[in-house]
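As a basis for the values below, the full set of heavy atoms in this structure was taken, side chains included, without hydrogen atoms, waters or symmetry mates.
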Amino acid sequence: MGIIAADLFVTLDGVYQAPGGPDEDEEHGFPYGGWQAPYLDDENGADIMAGIDRLDALLLGRKTYDIFAAYWPHQTGPIAEKFDSVPKFVVSRTLRDAEWEGTTVLGDAARDLPAVKERFTEIHTIGSGDLLQTLLDEDLVDRLNLFVYPVAFGTGKRVFRDGVKPAAFTLAEPARTYRSGAISLAYDRAGVPMTGIRVDG
């Protein structure tokens, strides 16, 4: 059985919206797109690429899929080559014919993803915030790979939105820090949170 890993670039206040460009995702009037670049360096980029190298299938929500499908097939380099070569899955109830070669459309995440996990070792979802909420609610996220950047906006789409199913996680590997002040954190799913415990002084 493989794992589903969610790869996310997030701010200190948990916002993942539009790290890659000013017009990547302006939904709800988000004015801060393109915030990741000032914090990237060679070490950080190498760790991001190492995560991409590990994936053997790509899982995307419809909005992120449309962005990726319009961009990556027309690029060159190791990321483009990796995304083009691996099987891709997009969860959508409206998409019928996916044009990006190697793409399978899944109509229902809870129903279809267990069978996908049987076929692959590491299925990574990148961005895809709406899909992520479904995966968290259905307890389908096995690992969170978070790159956390030292900036906060106070607005934007957040990884853990109000109403998300409570979950506990355990650190999967030591945290890494970068010269920019960014950090990377990997967490594995670890059941439900322990609450109601009094801390004695």
Side-chain angles (χ1 to χ4, degrees), residues 1-20 24-33 35-36 48 51 55 57-68 88-95 105-117 120 122-173 175 182-199:
M1 175 75 74
I3 66 167
I4 293 178
D7 299 346
L8 292 156
F9 306 128
V10 299
T11 66
L12 288 175
D13 55 343
V15 172
Y16 67 85
Q17 188 170 357
E24 180 182 347
D25 180 359
E26 298 174 304
E27 192 172 354
H28 307 304
F30 185 69
Y32 303 115
W35 51 263
Q36 182 190 25
I48 292 170
L55 69 87
L58 189 59
L59 172 65
L60 301 170
R62 174 65 187 274
K63 291 177 185 177
T64 302
Y65 175 81
D66 286 345
I67 294 169
F68 275 36
K88 291 162 283 288
F89 298 88
V90 54
V91 179
S92 174
R93 291 187 175 89
T94 58
L95 184 65
V105 179
L106 306 177
D108 185 284
R111 181 193 66 209
D112 298 334
L113 283 174
V116 175
K117 289 175 69 173
F120 300 97
E122 285 199 29
I123 306 153
H124 286 223
T125 181
I126 300 173
S128 304
D130 291 338
L131 173 61
L132 178 61
Q133 305 309 304
T134 299
L135 298 178
L136 289 169
D137 281 340
E138 297 291 343
D139 200 14
L140 289 170
V141 176
D142 301 292
R143 175 166 292 185
L144 291 172
N145 294 319
L146 305 178
F147 286 86
V148 184
Y149 296 87
V151 62
F153 299 123
T155 187
K157 298 176 182 177
R158 287 178 167 81
V159 176
F160 295 102
R161 301 176 187 174
D162 288 347
V164 72
K165 182 178 180 179
F169 296 86
T170 185
L171 197 63
E173 57 190 45
I183 61 174
S184 66
L185 301 165
Y187 287 103
D188 285 341
R189 184 74 164 85
V192 297
M194 296 177 62
T195 63
I197 301 170
R198 178 174 285 108
V199 178

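- Exactly one of Leu135, Ile4, Ile123 qualifies for a side chain to side chain contact (heavy atoms under 4.5 Å, CB included) with Asp142. That residue is Ile4.
- Counting heavy atoms of neighbouring residues, nucleotides and ligands inside a 6.0 Å radius, atom CE of Met194 does not exceed 12 of them.
- In terms of modelled atom types and a separation under 3.5 Å, the side chain of Trp35 and the main chain of Thr11 share no donor-acceptor contact.
- Contact check on Arg143 versus Glu122 returns no salt bridge, with no Lys/Arg side-chain nitrogen under 4.0 Å from an Asp/Glu carboxylate oxygen.
- Heavy atoms of other residues, nucleotides or ligands lying less than 6.0 angstrom from CZ of Arg111 number more than 12.
- For the pair Asp25 and Lys157, the salt-bridge criterion is met [side-chain N within less than 4.0 Å of a carboxylate O].
- Closest approach of Tyr65 to Leu60, counting heavy atoms only: CA-CD1, 3.9 Å.
- Between Lys165 and Glu138 there is no side-chain heavy-atom pair separated by less than 4.5 Å.
- Here the options are Leu113, Val90, Leu131, the test is side chain to side chain contact (heavy atoms under 4.5 Å, CB included), and the partner is Leu106; only Leu113 passes.
- Side chains of Phe30 and Val15 form a contact here, defined as non-hydrogen atoms less than 4.5 Å apart.
- If you look at Phe89 and Phe120, their ring centroids are closer than 6.0 Å.
- Smallest separation of non-hydrogen atoms from Ile67 and Glu24: CD1-O, 3.8 Å.
- No donor-acceptor distance shorter than 3.5 angstrom exists from the side chain of Asp188 to the backbone of Phe169, with no hydrogens or angles considered.
- Using a 4.0 Å cut-off between charged side-chain N and carboxylate O, Asp112 and Lys117 make no salt bridge.
- Gln17 is listed as a side-chain neighbour of Glu27, based on a closest heavy-atom distance under 4.5 Å.
- Tyr149 and Ile48 get closest at one heavy-atom pair: OH-CD1, 4.0 Å.
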